[in-house]
There are 4 protein chains.
Amino acid sequence: MPAVTKTSRTSSRLRLRRRRERADLRRSEIITAALTVFAKHGFANTRAEDVAEQAGIAKGTLYLYFDSKEAIYEAALEYAMTQLRELVSERLQSATTAAERMRVFVGTRMEFWSAQGELYQMIMTVGREKHQKKRTAKIIRESVDQINLLLREGIERGELRERPVEMVGWAVMDLIRGMNERRVDGAQPTTIAQDAEFITGIALSYFR
Amino acid sequence: MPAVTKTSRTSSRLRLRRRRERADLRRSEIITAALTVFAKHGFANTRAEDVAEQAGIAKGTLYLYFDSKEAIYEAALEYAMTQLRELVSERLQSATTAAERMRVFVGTRMEFWSAQGELYQMIMTVGREKHQKKRTAKIIRESVDQINLLLREGIERGELRERPVEMVGWAVMDLIRGMNERRVDGAQPTTIAQDAEFITGIALSYFR
Amino acid sequence: MPAVTKTSRTSSRLRLRRRRERADLRRSEIITAALTVFAKHGFANTRAEDVAEQAGIAKGTLYLYFDSKEAIYEAALEYAMTQLRELVSERLQSATTAAERMRVFVGTRMEFWSAQGELYQMIMTVGREKHQKKRTAKIIRESVDQINLLLREGIERGELRERPVEMVGWAVMDLIRGMNERRVDGAQPTTIAQDAEFITGIALSYFR
Amino acid sequence: MPAVTKTSRTSSRLRLRRRRERADLRRSEIITAALTVFAKHGFANTRAEDVAEQAGIAKGTLYLYFDSKEAIYEAALEYAMTQLRELVSERLQSATTAAERMRVFVGTRMEFWSAQGELYQMIMTVGREKHQKKRTAKIIRESVDQINLLLREGIERGELRERPVEMVGWAVMDLIRGMNERRVDGAQPTTIAQDAEFITGIALSYFR
DNA sequence: TATGAATGAGTTTTCATTCAT
DNA sequence: AATGAATGAAAACTCATTCAT
């Protein structure tokens, strides 16, 4: 019965794919929910059940998709960072001068976090807890390196004066973080473009 | 029996005062202990018993001096901030120009937190939790105002060019925070003086 | 439409019978699987899903054939005991003297459990839990009665001396159990035949 | 103030001792309670809270005295086995011939378990669970060795005929276990003395 | 009929807080 | 005032059972 067999095979494959898609959907629903509630109350003050409630599912269902509360956090982080990386590298393609590139880099990050403000808060609280510190540090380090690279390219191209780059990289990240936080709290009255301009100005003034 | 009455009154007042002094002593011992252990493991991961142990007293004794674990945190924060305020205002008295004053302001804060690094960590983690956010925000706001005042005085005295001051205040606080964190983590290779110079330079370059 | 009716009746009966056969098959597949996994990890430490997996079906399917995990256990027990009963009575037919019959009885039981070692373990753990105790006790009681009967026949036939029989019946069961357990654990260095001989010898020595 | 110091030291020592005594008392209360309820429903089917309830304390209090539910079980086992060992070795001192010694050994064990029937049940259920098997096996092995020693001494003294001893040791333990179980269940109509006599008779008949 | 995703009651353990001593 | 034993609410996680597909 080759025909029958083939049909059944095909349909079982189809079912499998659909199942996987559903599972992926659920996972991302849970991640989204987690971002919301972790951010609202912090990681430690959020019960696994709160995440489930926010996702509109039962407590137990969480554990069908993740091994632990911690694993949910990690997945959420991973998810957001991948998105951010992609967004930044995409936007940077259309920028050439160091100043432009810096503006794009800073502005994109601010937009992203502004849209995902809660996630940002979550990283800022959870990421400071002992067992997550390394992971968070690595993520930030990566961004600093990107800024430094951007500056060094500017120096090589003669756009910027020869000066040590390292501290400026960190400073830019510090400023982005602060502004993000205030924006999330509704305490930043300026626009993202203004902030990006401000930070870029400050950073590049160092190289004049 | 007036004589007796008087004597007894006096001695009872004396006893009362001594009692209060003893109580204040105990309170500050607990606060010191709390700063140490909260900072080492964060607020949520520290048990009330850990605080008691560090203070060399029994668990139950904590509750004779504070209403709750939370109250201990608040007292610790209050205490540290008062100390910082006093230190900064004392040091500022010997500084006159805006640049000097900024250097002193930044440097003093960095020294203070560097000596109390753990406390700083604590504020950074606990302070971001919802129910503490307002309190933390107020504390930071206060510092920003101080920087802004300092800058405006510089403008009035003609040392700095007329420019909006607000964003720079926040920026300075953001930079101080970042450097503090990295220093606590052992990730800041520069000296406090260098950092203070760097921040001051960046901030004042905005007014040239 | 009698013809049609008849045809349809017949075919529906046929279908019904086939359905029942299929259901019985499934039930016994599940039982077999249950014996394997319950025995390997005990009743409490085995999840319904483990049984399903072993049976190569889905979790939910279990509940089409059994009301509960407990019901599966009971069915498995019933099944095994029926098998054992049949095996023993078959083998006993070729044995005549009390000694022979005892040897066969003991030996057959040991062989059976040895082949189904895991099941034996399961009964020994699960069967001791309160709600299963009565059932297990009844099963053992049945065996004891069989031994006692066997002994009384020996007495009647003059092969054995007149002595009370009851305690020996229990003793034989106790000894079988112990040796079974040790064999399952790999701690019994002797053969089944030797064990059967040992137990028979001890039991019958009581009647000399 | 040596006198004062001394007094205070003494009283603090006293307090310490009393505290330890109280703690020991609590521990044994918990152990007793655990024996009761574990035995009644088995280890897996008993919630930690049931133990606490039986002991007349709160759930959390358990964990002041034991690290885990499992630790309670182990302590209970340890406790009982120590008691049994002591009791048996004490009673054996007054017995000389192999027959007497066997009777004492068997009888003492039966008395002990009969008084602590629930504990016995517990060991029989919990002890068969995978992760406890080794511990239980070791305990039984110890007893078998004792019986074997007892028999070998009898052989050496010429009271018993030279025969292999090992299987009899196990058999005696099997018989004791069975009778114990039935007595706990109220299904053993004979007295302990009668049972001990029966087992001794059977065991020694092997050496005639 | 068969599936397996979803459920939520139930389990162990922790720890802030109380209170008898 | 000081203690620390006791409490019980709360949290993470498991799994027998149900039910939409």
Side-chain angles (χ1 to χ4, degrees), chain A residues 12 15-16 18-19 22-23 25-26 44-53 55-72, chain B residues 19 22-23 26 43-53 55-72, chain C residues 19 22-23 26 43-53 55-72, chain D residues 12 15-16 18-19 22-23 25-26 44-53 55-72:
Chain A
S12 101
R15 243 182 292 140
L16 201 68
R18 268 195 208 133
R19 205 181 298 155
R22 287 233 309 168
L25 183 63
R26 264 275 184 277
N45 299 321
T46 303
R47 300 170 306 143
E49 186 154 16
D50 296 332
V51 177
E53 239 162 54
I57 59 177
K59 207 179 2 155
T61 308
L62 288 181
Y63 293 91
L64 295 179
Y65 296 93
F66 295 95
D67 281 347
S68 66
K69 195 182 151 192
E70 181 107 10
I72 297 176
Chain B
R19 206 184 294 161
R22 289 230 303 167
R26 265 275 188 276
F43 182 78
N45 298 322
T46 302
R47 298 170 308 149
E49 183 154 18
D50 297 332
V51 177
E53 231 163 59
I57 59 176
K59 213 184 341 171
T61 309
L62 289 180
Y63 291 87
L64 295 177
Y65 297 93
F66 294 94
D67 283 347
S68 65
K69 196 182 151 192
E70 180 104 11
I72 298 176
Chain C
R19 206 183 295 159
R22 289 230 303 168
R26 266 274 188 275
F43 182 77
N45 298 322
T46 302
R47 298 169 307 147
E49 183 153 19
D50 297 332
V51 177
E53 232 163 59
I57 60 176
K59 214 184 339 172
T61 309
L62 288 180
Y63 292 87
L64 295 178
Y65 296 94
F66 294 94
D67 283 347
S68 66
K69 196 181 151 191
E70 181 104 11
I72 297 176
Chain D
S12 99
R15 244 182 292 139
L16 201 68
R18 268 194 207 134
R19 205 181 299 156
R22 287 232 309 167
L25 183 62
R26 265 275 184 274
N45 299 319
T46 302
R47 298 170 308 144
E49 185 154 18
D50 296 332
V51 177
E53 238 162 55
I57 60 177
K59 210 178 357 157
T61 308
L62 288 181
Y63 292 89
L64 296 178
Y65 296 93
F66 295 95
D67 282 347
S68 66
K69 196 183 151 190
E70 180 106 11
I72 297 176

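Side-chain atoms are counted along with the backbone in the values below, which use heavy atoms only and exclude waters and symmetry mates. Note on naming: letters A, B, ... go to the chains in the order of the sequence lines (proteins, then strands), and numbering restarts at 1 for each one.
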- Note on the structure: Counting primed atoms, P, OP1 and OP2 as sugar-phosphate and everything else as base, the B/S/- map of nucleotides 10-16 of chain F against protein heavy atoms under 4.0 Å is BSSBBSS
- Message: With a cut-off of less than 4.0 Å, is there a side-chain N or O of R19(A) near OP1 or OP2 of dG4(E)?
- Response: yes
- Message: For a quick test of reading the model: is some side-chain N or O of R26(D) closer than 4.0 Å to OP1 or OP2 of dA6(F)?
- Response: yes
- Measuring from E49(D):CD to E53(D):CD, what's the distance to the nearest 0.5 Å? 5.5 Å
- Item | Rounded distance (nearest 0.5 Å) linking atom NZ of K69(D) with atom CG of D50(D) | 8.5 Å
- Which heavy atom of V51(C) sits nearest a heavy atom of L62(C), and at what distance? CG1-CD2, 4.0 Å
- Query: Taking all atoms of both residues into account, what is the closest heavy-atom pair of Y63(C) and A48(C), and its distance?
  - Reply: OH-CB, 3.9 Å
Find the distance [X]:[atom1] to [N]:[atom2] and express it as a whole number of Å.
X	N	atom1	atom2	value
R22(D)	dG4(F)	CZ	P	12 Å
I57(B)	dT3(F)	CD1	P	7 Å
F66(A)	dA5(E)	CZ	C1'	15 Å
Y65(C)	dT3(E)	OH	C1'	12 Å
I72(C)	dT17(F)	CD1	C1'	11 Å

- Where does DNA chain E pair, written as one dot-bracket string 5' to 3', with Watson-Crick or G-U pairs under 3.5 Å, ( ) inside the strand, [ ] for crossing pairs and | for another strand? .||||||||||||||||||||
- side-chain contact (heavy atoms from CB on, under 4.5 Å) between I57(B) and R26(B), worked out: CA-CA 10 Å; I57(B) 59 176; R26(B) 265 275 188 276; 4.1 Å; yes
- Message: Quick check: on DNA chain E, is the nucleotide nearest G56(A) upstream (toward 5') of the one nearest G56(C), or the reverse? Name the residue that is more 5'.
- Response: G56(C)
